[in-house]
Amino acid sequence: MPPTLTSPLSASAAATPHATTTHLSIDGVTKRFGSFTALDNIALEIQEGEFVCFLGPSGCGKTTLLRMIAGLTRQSAGTLIQRGKDISTLPPQARDFGIVFQSYALFPNLTVFDNVAYGLRNRRVARADIHARVAELLALVDLSGSEAKYPAALSGGQQQRVALARALAMEPGLLLLDEPLSALDARVRGHLRSQIKALQARLGVTTIMVTHDQEEALTMADRIVVMNHGVIEQVGTPAEIYHQPASAFVASFIGTMNFLDVTAAANHQVQLGNTVCDCLPHTFAKGRPAQLAIRPEAVALTRQPGALVGEVTGIEFLGAFQRVSLRIAGTEQRVLADVPSRDSAMLSLKLGQVVGLHLPGDAARLYPAGSCQS
Ligand SMILES: Nc1ncnc2c1ncn2[C@@H]1O[C@H](COP(=O)(O)OP(=O)(O)OP(=O)(O)O)[C@@H](O)[C@H]1O
Ligand SMILES: [Mg+2]
């Protein structure tokens, strides 16, 4: 008997987006291509209804991990459990996911309707159900009325929305997105970003999106998995990743970060040039060289020079704030400070001006020396 489609898409799972049952468990997953290790002992749990982003530089293994979850690439070691079932050795067609790739990958010789209906037809869903479901999916991605068009007649953003509708057609338990927005121009990308986010929240479908765009990850994800060279550097909410980076790599990859060469002093202090500054508690031995990381927006400037003094070497107007470059007196080190436009008027900053520099200790984190260039 042909399978029938159960609940309407718009009502599925929407009530449980924050349930905490595990959807996917990845354990000890390693992938080698010859002698090259693309993924090294990955462990990760993804909760039901979560929106997770894999974020990292080119070549860090994001796509490989996503393809492994889909069964398109076989891991060299490790297991994958989806909703309690071991899927480690299952072929893609026996796994429960929908996928959207970076390039649109629609069938060019099929209409929008037929592209979206493709999987449903393969599963021999009844014709009337297919029509109803395709109409519903196209409404969901704002493309009602485009049924008869061919992909070539659609913009990039429209094609990606068709690809999204097609991926959702079988009501997959897991939606996999590999850089679905990266081929689009900035404006379309921003719009589609919020559309995908809203759609995911409404459907409650567990979603993994690969991106190397930190802004995309920070705005869309419930949790971000930061990857580098085939390992996971940190897993956390956008706020955790931004405010409490677990490594110098994460600190430098997300947002803008100042890295200052310092020497460790007491367990919550460092020496910067001749000045002792507060920082978050650390375990570095006294006298050990280290790097102090602090965000430009945490650096405060004052009219009156204090213990630390900086000379303004550049001012960049960025609308809501000014990004001020300074050279720290007594050192050759440079630091960026983001000054809200309101305050910068009060400081009336000019090139060459000497100002007080304050590095709040609760925003200054210590990493091993040589971790990063700012
Ligand atoms: N089939 C393959 N054979 C050999 N090496 C591969 C293969 N697929 C991927 N790699 C290598 O594995 C590493 C990870 O590749 P992957 O495509 O997962 O990176 P990525 O994080 O998705 O990068 P990007 O942001 O550029 O898409 C890269 O060094 C890549 O060259
Ligand atoms: Mg990739």
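Whatever order the structure lists ligands and atoms in, that order sets their numbers, starting from 1. We're numbering straight along the sequence, starting at 1.
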To the nearest 0.1 Å, how far is atom 26 (O) of ligand 1 from its closest protein heavy atom, and which atom is that? S58 OG, 2.5 Å
Under 4.0 Å between a Lys/Arg side-chain N and an Asp/Glu carboxylate O for R121 and D114? yes
Salt bridge E45-R223, side-chain N to carboxylate O under 4.0 Å: no
Regarding ligand 1, does C60 bring an N or O atom to under 3.5 Å of one of the ligand's N or O atoms? yes
Could you walk me through whether L359 and L260 satisfy the side chain to side chain contact (heavy atoms under 4.5 Å, CB included) test, starting with their C-alpha distance in whole Å, then the side-chain angles of each, then the deciding distance to 0.1 Å, before giving a yes or no? CA-CA 11 Å; L359 312 178; L260 299 170; 4.0 Å; yes
Tell me: protein heavy atom nearest atom 25 (O) of ligand 1, and distance? K62 NZ, 2.8 Å
Protein heavy-atom partner closest to atom 16 (P) of ligand 1 - residue, atom, separation in Å: T64 OG1, 3.5 Å
Positive for side-chain contact (heavy atoms from CB on, under 4.5 Å) with H23, one of E50, Q82, Q47: Q82
Between ligand 1 and G59, can you find any atom pair, the residue atom being a heavy atom, that is separated by under 4.0 Å? yes
For atom 29 (O) of ligand 1, which of F54, F33, F36 has the closest heavy atom? F36
From the list Q158, Q195, R161, side chain to side chain donor-acceptor pair (under 3.5 Å) partner of D142 resolves to Q195
Min side-chain heavy-atom separation L199-L168 under 4.5 Å: yes
Worked check of side chain to side chain contact (heavy atoms under 4.5 Å, CB included) between L357 and L301: CA-CA 5 Å; L357 255 179; L301 304 186; 3.6 Å; yes
Specify the protein heavy atom at minimum distance from atom 27 (O) of ligand 1: its residue, its atom name, and the distance to 0.1 Å. T63 OG1, 3.9 Å
Salt-bridge contact K85-D96 (side-chain N to carboxylate O under 4.0 Å): no
Which bit of E179 gets closer than 4.0 Å to ligand 1, counting heavy atoms only: side chain, backbone, both or neither? side chain
Element-labelled atoms of ligand 1 that are located less than 4.0 Å from some non-hydrogen atom of A38: 12 (O)
Within a distance of under 4.0 Å, is there any protein heavy atom near atom 21 (O) of ligand 1? yes
Looking at the Mg ion (ligand 2), is one of the N, O or S atoms of T64 less than 2.8 Å from it? no
